[in-house]
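Structure record follows, encoded as structure tokens.
Indexing begins at 1, ligand by ligand and atom by atom, following the structure's order. Side chains are part of it too, since the values below use all heavy atoms of this structure and drop only hydrogens, waters and symmetry mates.
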Amino acid sequence: ADAEKGKVVIGSKLFQESFILAHMAGIMLEEEGYEVDVQQGLGGTLINYEGLKQGTVDVYVEYTGTAYSQILKEPPLEVWDPEVVYQKSEEGLNADGVVIVADLGFEDAYALAVKKDWGEENNVSDISDLEEYASELIIGTDPEFANREDGLPRINELYGLEFKAVKPTVANIMYEAIKNDEVDVVSAYTTDTRNELFDLRILNDDKNALPPYDAIIVMSAEFADANPDAVAALEKLEGQIDTDTMRGLNYQFDVEKRDAEDIARDYLIESGLIE
Ligand code: PBE
């Protein structure tokens with residue numbers, strides 16, 4: 001790497017997609033001559049975001065609905081327009097010294113999911129349909145969903161649900177738990193192919209509790225101002241990953257057990273973004 005460009009620290013959250021995308025950003029910056037430090041699995045949303053504000057993290061991949069609800073604490077909307085959520089998120093982040101460098105081109109939303117068989121037997125296809133069963137069901141969540149503004153508290157309030165128990169854990173274990181029938185409902189991620197592989201049924205959010213979650217690359221404004229080349233390098237990822245592509249990359253990690261950096265590099269080569 002070209003020493004003059006300096007160092008860049010890339011944060012990531014605690015799930016495969018975040019690892020892969022952090023490496024993707026890292027490789028683009030390495031190509032540009034930066035010395036790159038990818039912190040794979042650095043922590044949850046607020047660890048990454050605080051790092052960005054304090055300068056210990058320069059870049060990471062966030063999601064619009066998460067910025068809007070969990071970071072900026074904006075109120076829920078009656079109708080969730082992805083454009084509006086993007087605009088409001090951008091304004092709020094900018095005011096906080098953070099810029100959006102690229103919109104990657106896909107959404108990874110939260111969704112409640114149950115086992116397909118159970119859903120069929122009990123006629124449960126909307127979140128509303130859980131009402132008569134919730135008191136007997138255990139919900140497994142990722143580490144954030146159980147307490148997030150845009151997570152279980154809002155779902156419970158809006159749908160009048162009270163689950164028998166809530167078990168938060170990392171996404172990977174959450175998926176294993178529903179596969180093994182240790183939990184009955186999970187806070188699934190819509191780009192995770194285990195939704196199909198483990199025969200899950202995604203429930204329709206019929207009361208619009210959850211916001212849209214478009215994947216965006218965020219950077220500290222201070223770092224962006226000092227490093228226009230880094231901004232330009234990451235802007236090349238704008239619109240480069242659609243939902244099916246992201247699912248395929250996650251599949252390579254979860255099922256084919258490939259290394260996140262290899263997955264990222266191969267994708268960038270295949271799509272002509274690097275040589
Ligand atoms: N999500 C869904 C969460 C995790 C899965 C991508 C919106 C987030 O990181 O905010």
Side-chain angles (χ1 to χ4, degrees), residues 10-22 24-25 39-52 57 59-74 76-77 80 82 85-86 88-90 92-93 98 100 102-113 127 139-155 168-178 185-195 198 200 202-203 205 208-218 241-247 249-251 253-254 260:
I10 302 169
S12 68
K13 302 196 196 183
L14 301 163
F15 54 100
Q16 85 287 56
E17 177 172 290
S18 201
F19 304 167
I20 296 167
L21 296 172
M24 224 180 256
Q39 301 266 319
Q40 180 170 313
L42 175 66
T45 298
L46 297 179
I47 298 277
N48 282 280
Y49 192 70
E50 283 305 313
L52 210 60
V57 173
V59 182
Y60 78 97
V61 172
E62 193 44 276
Y63 300 86
T64 53
T66 302
Y68 181 91
S69 298
Q70 194 200 9
I71 296 174
L72 300 168
K73 312 289 184 208
E74 290 286 341
L77 299 172
W80 292 105
V85 175
Y86 184 99
K88 292 253 176 201
S89 298
E90 188 166 47
L93 293 174
V98 172
I100 300 178
D103 181 344
L104 289 170
F106 73 93
E107 180 190 26
D108 176 12
Y110 272 129
L112 291 197
I127 299 178
I139 182 166
T141 71
D142 73 6
E144 300 182 13
F145 191 80
N147 296 306
R148 273 172 62 151
E149 308 266 324
D150 54 331
L152 198 55
R154 187 182 300 163
I155 299 256
T169 178
V170 288
N172 205 31
I173 295 176
M174 174 190 82
Y175 272 101
E176 289 299 319
I178 192 159
V185 186
V186 286
S187 60
Y189 296 6
T190 56
T191 57
D192 198 303
T193 59
R194 287 170 293 189
N195 297 334
F198 295 173
L200 305 188
I202 297 280
L203 303 181
D205 178 12
N208 295 321
L210 300 170
Y213 294 95
D214 293 323
I216 50 176
I217 301 178
V218 292
I241 306 174
D242 63 19
T243 304
D244 280 343
T245 300
M246 194 64 239
R247 285 208 180 101
L249 301 178
N250 287 336
Y251 179 90
F253 187 91
D254 292 321

Under-4.0 Å heavy-atom contact with ligand 1, by part of Asp108 that carries it:
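For Asp108, the contact with ligand 1 is made by both the backbone and the side chain.
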Just to be sure I read this right, does ligand 1 sit under 4.0 Å from the backbone of Glu17, its side chain, both, or neither, counting only heavy atoms?
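No part of Glu17 comes within reach of ligand 1.
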To check you understand the geometry: which heavy-atom pair defines the closest contact between Thr190 and Asp108, and what is its length?
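Taking Thr190 first and Asp108 second, the nearest heavy atoms are N-OD1, 3.2 Å.
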Taking all atoms of both residues into account, what is the closest heavy-atom pair of Thr141 and Ser187, and its distance?
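So the minimum-distance heavy-atom pair works out to CA-OG, 3.3 Å.
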Of Tyr189, Tyr63, Tyr213, which has the heavy atom at the shortest distance from atom 4 (C) of ligand 1?
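That would be Tyr189.
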Please say whether more than 12 non-hydrogen atoms of neighbouring residues, nucleotides or ligands are located less than 6.0 Å from CD1 in Ile47.
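No, not enclosed.
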Looking only at side chains, do Asp205 and Tyr110 share a donor and an acceptor under 3.5 Å apart?
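Side chains of Asp205 and Tyr110: no pair found under 3.5 Å.
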State, without any angle test, whether Glu17 and Tyr63 hold a side-chain donor-acceptor pair at a distance under 3.5 Å.
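Their side chains do contain a donor-acceptor pair, which is all the 3.5 Å distance test asks for.
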Closer than 4.0 angstrom: is that true for some heavy atom of Phe145 and an atom of ligand 1?
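Checking ligand 1 against Phe145, which is what was asked, there is no heavy-atom contact under 4.0 Å.
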Measuring from non-hydrogen atoms of Arg148 to any atom of ligand 1, is the shortest distance under 4.0 Å?
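Yes, that is the case, since the closest heavy atom of the residue is under 4.0 Å from the ligand.
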If you have a sec, work out which protein heavy atom is nearest atom 8 (C) of ligand 1 and how many Å separate them, to one decimal?
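Of every protein heavy atom, Lys13 NZ, 3.5 Å lies nearest to atom 8 (C) of ligand 1.
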Just need the protein heavy atom nearest to atom 10 (O) of ligand 1, so name the residue and atom and give the distance.
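So the nearest neighbour among protein heavy atoms is Thr66 OG1, 2.6 Å.
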Sub-4.5 Å side-chain heavy-atom contact between Val61 and Ser12
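With C-beta onward as the side chain, the pair stays apart.
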